[in-house]
Amino acid sequence: MTDKQKRVYKITSLIPLGFVLTYKKLAQLSGVKNPRVVGNILHKNTDPQNIPCHRVVHSDGSLAKNYAFGGIKKQEEKLEKEGIEFVNGKVKLSKHLWKIKN
DNA sequence: ATTAAGGCATGAA
DNA sequence: GTTCATGCCTTAA
């Protein structure tokens, strides 16, 4: 596993309950150039237990089209279960976007 | 809203 | 080693 992947997974696993992160943000936080790569990495994640990829969403708050772990429905389900609000099938980013402190 | 183009890590051939 | 396809994307037109 490469360093990038580690960072991506690490950060993803650090997302607090009730918050989400966009691919773009996650990308820049982990030092990856393109958000696409992040998606790719998350897609072949092997440890869903520690990697809550359902907390990672698109820039506009919508969910990924091919959620690798049970489908987009499951993802939404999980998010709601964690207290994340949906509006128009999108996450309320303004409220649930994870802002890193420092 | 839909389409097109950008850009790159990963894996198979 | 390199080329090609693919992807949980983003932004701009």
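The figures here come from the full heavy-atom set of this structure, side chains too, leaving out hydrogens, waters and symmetry mates. Lettering of chains follows the sequences in order, A, B, ..., and the numbering in each one begins at 1.
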Check your understanding: NA contact type, Thr22(A), heavy-atom cut-off 4.0 Å: base, sugar-phosphate, or nothing?
Key ->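 No contact.
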
Review point. Contact class for Gln5(A) (heavy atom, under 4.0 Å): base, sugar-phosphate, or nothing?
Key: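 Result for Gln5(A) = sugar-phosphate.
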
In whole Å, I'd like the distance from the [atom1] atom of [X] to the [atom2] atom of [N].
X: Asp60(A); N: dT11(C); atom1: CG; atom2: C1'; answer: 12 Å
X: Gln28(A); N: dC9(C); atom1: CD; atom2: P; answer: 17 Å
X: Lys65(A); N: dC9(C); atom1: NZ; atom2: C1'; answer: 10 Å
X: Lys25(A); N: dC9(C); atom1: NZ; atom2: P; answer: 19 Å
X: Met1(A); N: dT10(B); atom1: CE; atom2: C1'; answer: 13 Å

Revision key, fill the gap. Result for 5'-nearest mapping on DNA chain B, choosing between Thr2(A) and Asn34(A), is Asn34(A)

At less than 4.0 Å, is any side-chain N or O atom of [X] found next to OP1 or OP2 of [N]? Yes or no.
X: Ser59(A); N: dC9(C); value: no
X: Asn40(A); N: dG7(C); value: no
X: His58(A); N: dC8(C); value: no
X: Lys44(A); N: dG11(B); value: no

Study note, to complete from the structure: pair_partner(dC4(C)), Watson-Crick or wobble, both distances < 3.5 Å, evaluates to dG11(B)

Check your understanding: Got a sec: does the CG of Asp60(A) have more than 12 other heavy atoms crowding it under 6.0 Å?
Key -> yes

Check your understanding: Any idea which heavy atoms bring Arg55(A) and Phe19(A) closest together, and the distance?
Key ->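 Answer, listing the atom of Arg55(A) first, then Phe19(A): CD-O, 3.5 Å.
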
Check your understanding: Taking the chi torsion of dC8(C), is it syn (within 90° of 0) or anti (everything else)?
Key ->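 With its glycosidic angle within 90° of zero, dC8(C) counts as syn.
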
Check your understanding: Given that Asn66(A) and Lys24(A) both sit by DNA chain C, which one's nearest nucleotide is further toward the 5' end?
Key -> Asn66(A)

Exercise for review: For side-chain contact (heavy atoms from CB on, under 4.5 Å), just list the numbers for Tyr9(A) and Lys4(A), CA-CA rounded to whole Å, side-chain angles, deciding distance to a tenth of an Å, and then say yes or no.
Suggested key: CA-CA 9 Å; Tyr9(A) 289 141; Lys4(A) 281 194 266 296; over 6 Å; no

Can you give each donor-acceptor pair under 3.5 Å made by side-chain atoms of residues 23-32 of chain A, sequence neighbours left out, with the distance rounded to 0.1 Å?
{"unit_1": "Ser30(A)", "atom_1": "OG", "unit_2": "Leu26(A)", "atom_2": "O", "d": "2.7"}
{"unit_1": "Ser30(A)", "atom_1": "OG", "unit_2": "Ala27(A)", "atom_2": "O", "d": "3.1"}

Exercise for review: Mind checking the NZ-CD spacing from Lys10(A) to Gln5(A)? Nearest 0.5 Å is all I need.
Suggested key: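 With rounding to 0.5 Å, NZ (Lys10(A)) is 15.0 Å from CD (Gln5(A)).
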
